[in-house]
Number of protein chains: 2
Amino acid sequence: MAETLSPTVLTLKDIAREAGVSLATVDRVLHNRPGVRPDTVRRVKDAIARNSFQPHVAAAELARGRARRFAFVMPSGPNPFMQQIEAYLGEMAAWLSARRLNVEMIATDVFEPAALAASLEALSGDYDGVAVVALDHPSVRAAINDLVDAGTKVVTLVSDVPSSRRHHYVGIDNIAAGRTAGALVGRLVGQRSGKVAIVAGSQGLRDHAERIFGFNQVMATEFPDLSVLPVLEGRDEDDRSEQLLARLLGKHPDIVGLYNVGAGTQGVAKALNDKALGAAGRDKQVVFVGHDVTALTRRLLLQGVMDAAISQNPGHEARAAVRVLLALARGEPILSEQEKIRIDIVMRDNLP
Amino acid sequence: MAETLSPTVLTLKDIAREAGVSLATVDRVLHNRPGVRPDTVRRVKDAIARNSFQPHVAAAELARGRARRFAFVMPSGPNPFMQQIEAYLGEMAAWLSARRLNVEMIATDVFEPAALAASLEALSGDYDGVAVVALDHPSVRAAINDLVDAGTKVVTLVSDVPSSRRHHYVGIDNIAAGRTAGALVGRLVGQRSGKVAIVAGSQGLRDHAERIFGFNQVMATEFPDLSVLPVLEGRDEDDRSEQLLARLLGKHPDIVGLYNVGAGTQGVAKALNDKALGAAGRDKQVVFVGHDVTALTRRLLLQGVMDAAISQNPGHEARAAVRVLLALARGEPILSEQEKIRIDIVMRDNLP
DNA sequence: CATTAAATGAGTTGCGTACCTCAAAACACC
DNA sequence: GGTGTTTTGAGGTACGCAACTCATTTAATG
């Protein structure tokens, strides 16, 4: 009837006795210190495995003395998503200090490869872990690899650099996100046929490009009655997005769906709402799917202007980045299921 | 440019000096032990607050010596959702043992109030925390309150007992889940009008009743063109659900939507697929929304038989229950944002 | 065999807290 | 004033591990 999931665990002393060696040797093996014969290493590791020994994290943490330092390298400038991440880190302050963890925010021009790489290089040696919102560029990749080589744990956040040797990526699969957006637009448009518009920041941004790719994939294979118009590049700016979209809506009265890949949501909504385009604007007739839950998108969802938002929970991302860095630093396994950022579909009725 | 989120923290010795008392007195205040004058208590607490002191969890954990024991009281019998929770707890084994946490599974007949209450009473004194999938019944409520009074931390899982003094509820808001299901059925049906069927386990189950309530709410206010048929009570059994639904589909050729509130999904799908009801079955014509991502619902989503599943991540629930119990036992604050179980909308393209 | 290098043992210290004991001081009461 | 009670101080031990030193043993080399 009752079943125990966690057997009693031993201490290092027990392992030493089991392996027939001294505590010092166990310690050497555990921390990959030199001066132990391969055969002895094996005996110790066997004893550890045989008893499924886990070092007591509390004891280890206490014994190491110095606090751990983590750095979050984030884009400078006003970016609501990044501000949210910073806010969530602030909410963890008590949690962090109870574990003697120091987290520092470092702002840099993420879109300038040289500046970002320089910021990263400057961290070398001083930090146990670094989370970075990174651009996928050779110099950035090199900077990340240097950090890794120096023993710093590196996690990419939101935007990955798969070609680097970063230890982990905390963020969503953007192709899948685009596919999800496509499925939503297609399904919500329903029986109607017509055209679908895409507004993106830039097709040069890795995540935007991936989302568009996924979106088009689904549209082509599953919704042949809908034709996708060329991507508008609004540079994530409200004004530019509005102008481009307004012109497009004017030219194509049969637009039934819209996918906003990045920011500039304010402008997109304004264009949809523009009275000049029809008696009551097009906001309720066009299925509008975008990204991220902010104060603005929340309002648009409630008003029925936006139909769904694809969201990657920024709180989850912030916490996952910290937890992953901590687990890496401690040499603990990562609960991959827990740290995986899911693609959330947010509609009016499941607004968080 | 760089901003520290976590200032250096002091130790108990520093606090003692700050407050002008001895370590022993600080310890007495910190653990609400008697024998300290109110005025002194205030002085110590002031010093703690003034320096935003946080006890070092690692040191505290190490010093207390004995491991913590948590119990998960879950329904007996083959329930896929519960099995998943147990599996996820198994995945945490290393995490748990590194923290010297013992988690035990206790199976009981959750639908029998007396049996459940007895199971809970039997735990008194032996556990630091209990997570229970509870029925909302006076005797269960009393048993929970007894546990709480005995100093055990209690968390309700999946199904709440709001009238009890449980410390926390880990699960979704079922009314909101029903609303979400309603919105999905309504939106996915599109322009068509017709009838909508509901299959539930029993309207006597709190969570099912709440979901139906939320579903009807949305249907009535937002989709007046759809009329909801009386709820079928399939008792979460495949056969019974199939028979009831098959009869209903036969009687109403104009059913365009279906909400399956609980289990019995296999039966529901079979009824939809029944060739006797039409040339090719009704599975692709009826919008079908259900709950939970299992091997079965995953297949149905991929086949296009099911259109969306409302999901409460069982892995997240298992981990959240453990984390909340641990935080409660340690006297740490709970990261409510992190522990909140979200209502996930799962469609074919964002299957986890 | 002697010499040197490598491997291992034995031991110490300290991390910050919980929990305990015992004595001393402060206080309340008659 | 003396009594008894409450409050406070001082100190110790233990938790499990990291990190270190230094002596000793074992193996490799010439």
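Not measured: the values here are computed from a predicted model. Quick note on labels: first sequence line is chain A, next is B, and so on, each numbered from 1. Keep in mind that the numbers below use all heavy atoms, side chains included, and drop hydrogens, waters and symmetry copies.
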Phosphate contact (dT6(D) OP1 or OP2) by R37(B) side-chain N/O below 4.0 Å: no
Any salt bridge (Lys or Arg N to Asp or Glu O under 4.0 Å) pairs touching residues 52-69 of chain A, not counting sequence neighbours? E61(A)-R68(A), E61(A)-R330(A), R69(A)-E104(A)
Any base atoms under 4.0 Å from G35(B), or only sugar-phosphate, or nothing? Heavy atoms, all strands. base
Closest approach of L157(B) and E317(B), non-hydrogen atoms and distance? CD1-O, 3.9 Å
H56(B) NE2 to dC15(D) P, straight-line distance once rounded to whole Å: 19 Å
dT8(C) phosphate, OP1 or OP2, under 4.0 Å from T40(A) side-chain N/O: yes
Expected rows: protein N/O vs nucleotides 18-24 of chain D N/O, under 3.5 Å:
unit_1  : atom_1 : unit_2 : atom_2 : d
dA18(D) : OP1    : H31(A) : NE2    : 3.0

Using heavy atoms to find the nearest nucleotide of DNA chain D for R100(B) and T25(B) separately, return the residue whose nucleotide is more 5′. T25(B)
If you look only at pairs with a residue in residues 154-173 of chain A, which of them pass as a salt bridge (Lys or Arg N to Asp or Glu O under 4.0 Å), with sequence neighbours excluded? D149(A)-R165(A), D160(A)-R166(A)
Without decimals, in angstroms, what is the distance between L10(B) CG and dC15(C) C1'? 16 Å
Where do R319(A) and Q338(A) land on the side chain to side chain donor-acceptor pair (under 3.5 Å) test, with the steps shown first? CA-CA 10 Å; R319(A) 291 184 295 265; Q338(A) 170 173 244; over 6 Å; no
Rounded to whole Å, how long is the line connecting atom NZ of K13(B) with atom P of dA18(C)? 15 Å
Whole-Å distance, R330(B) CZ to dG16(C) P, equals 17 Å
Return the 5'-most residue of the pair L62(B), R43(B) with respect to DNA chain D, ranking by each residue's nearest nucleotide. R43(B)
Protein-nucleotide distance (F53(B), atom CZ; dT17(C), atom C1'), rounded to Å: 9 Å
